[in-house]
Amino acid sequence: GTAALIWNEIIREKITNFIMNQSKEQRILNFVLQNAVRGDPCSVLDTIDEYCSQKEWAMNVGNEKGLVLDKTVEEVNPSVALELGTYCGYSAVRIARLLKAGAHLLTVEFNPEFAAIAKQIIEFAGVKDKVKLLEGPSDEIIPQLKKKYEVNTLDFVFLDHWKDRYTPDTILIQECNLLRKGSVLLADNVIVPGAPEFLNYIRNNPRFQCTNYPSHLEYMKVVDAMEKAVFLG
């Protein structure tokens with residue numbers, strides 16, 4: 001799994017970027033703009049899945065694990081959701097299309113290039129009114145959520161950023177009193193690239209009830225999983 005990631009994310013991508021004089025993320029955006037239906041989030045998701053399964057691999061949650069994400073969002077039916085790691089906006093679109101009227105998603109992205117592309121994909125998908133993209137490091141934005149962004153508590157949190165940030169950010173979210181009894185955390189890529197520290201922390205914490213969803217790394221046959229943790233208060 002790691003070797004496949006290194007090949008796709010570093011070697012192959014750098015060669016293609018050099019030849020085409022643009023980033024992979026820009027190529028994904030261009031493919032969406034040329035092939036998806038404006039204002040149709042499902043068409044945007046299908047188009048990204050098509051590109052990433054047939055042309056260039058990318059670290060979206062993907063169509064298989066996306067079903068776990070969908071099911072969790074539908075079960076929680078959040079009024080306020082937080083995503084850590086926007087990347088190109090795939091999972092933000094996936095979550096936003098399922099939100100009820102008046103609900104919103106705050107999505108955090110550290111990389112300004114990714115954030116710029118995600119904004120265009122979110123707008124093209126027609127879910128801009130439900131999504132607020134916050135640019136910057138998660139450990140700076142999380143403590144601002146209550147005062148600056150008027151968040152009382154988070155009903156749902158999707159962790160899909162740097163794996164070594166899963167644990168400290170989960171702790172920070174609790175320290176900032178952003179969880180209520182029944183709040184749900186869902187973490188992607190807990191096997192590949194892997195988040196062993198997070199699994200150890202969350203599974204041994206009496207304040208959380210955990211469920212593991214075995215799956216595969218997006219667009220590959222490599223074994224991966226998602227971990228759901230319900231906050232017990």
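All values below were derived from every heavy atom in this structure, side-chain atoms included, with hydrogens, water molecules and symmetry-related copies excluded. Numbers here are sequence positions counted from 1.
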Do the side-chain N and O atoms of Asp160 and Tyr87 include a donor-acceptor pair separated by under 3.5 angstrom?
no
After noting the C-alpha distance and the side-chain angles of Lys146 and Asn177, does the key distance pass the side-chain contact (heavy atoms from CB on, under 4.5 Å) rule?
CA-CA 9 Å; Lys146 276 192 184 284; Asn177 296 312; 4.1 Å; yes
Determine whether Phe208 and Leu232 make a side-chain contact, defined as any pair of heavy atoms from C-beta on separated by less than 4.5 Å.
no
Applying side-chain contact (heavy atoms from CB on, under 4.5 Å), run through Cys210 and Lys228 and close with a yes or a no.
CA-CA 6 Å; Cys210 296; Lys228 182 173 91 171; over 6 Å; no
Point-to-point distance, once rounded to the nearest 0.5 Å, from NZ of Lys65 to OH of Tyr219:
9.5 Å
Write down the atom of Glu140, the atom of Gln144, and the distance for their closest heavy-atom approach.
O-CG, 3.3 Å
CD (Gln209) with more than 12 external heavy atoms under 6.0 Å
no
Could you walk me through whether Glu123 and Arg38 pass the salt bridge (charged side-chain N to carboxylate O under 4.0 Å, His left out) check?
CA-CA 9 Å; Glu123 192 272 331; Arg38 179 179 279 279; 3.3 Å; yes
Please determine, by modelled atom types, if Asp169 and Ser138 share a side-chain donor-acceptor pair under 3.5 angstrom.
yes
Does Glu83 come within less than 4.0 Å of Lys132, counting only side-chain N to carboxylate O?
no
Please determine which of Val190, Leu186, Thr170, Asn189 meets the side chain to side chain contact (heavy atoms under 4.5 Å, CB included) test together with Leu159.
Thr170
What's the verdict on salt bridge (charged side-chain N to carboxylate O under 4.0 Å, His left out) for Arg203 and Glu227, showing C-alpha distance, side-chain angles and the deciding distance?
CA-CA 10 Å; Arg203 289 174 179 176; Glu227 187 85 1; 2.9 Å; yes
Around Phe110, counting heavy atoms of other residues, nucleotides and ligands shown, do more than 12 lie under 6.0 Å from its CZ?
no
Could you verify whether a donor N or O on one side chain and an acceptor N or O on the other, from Asn30 and Gln34, lie under 3.5 Å apart?
no
Side-chain H-bond candidate by donor/acceptor type, Glu197 with Tyr166, under 3.5 Å:
no
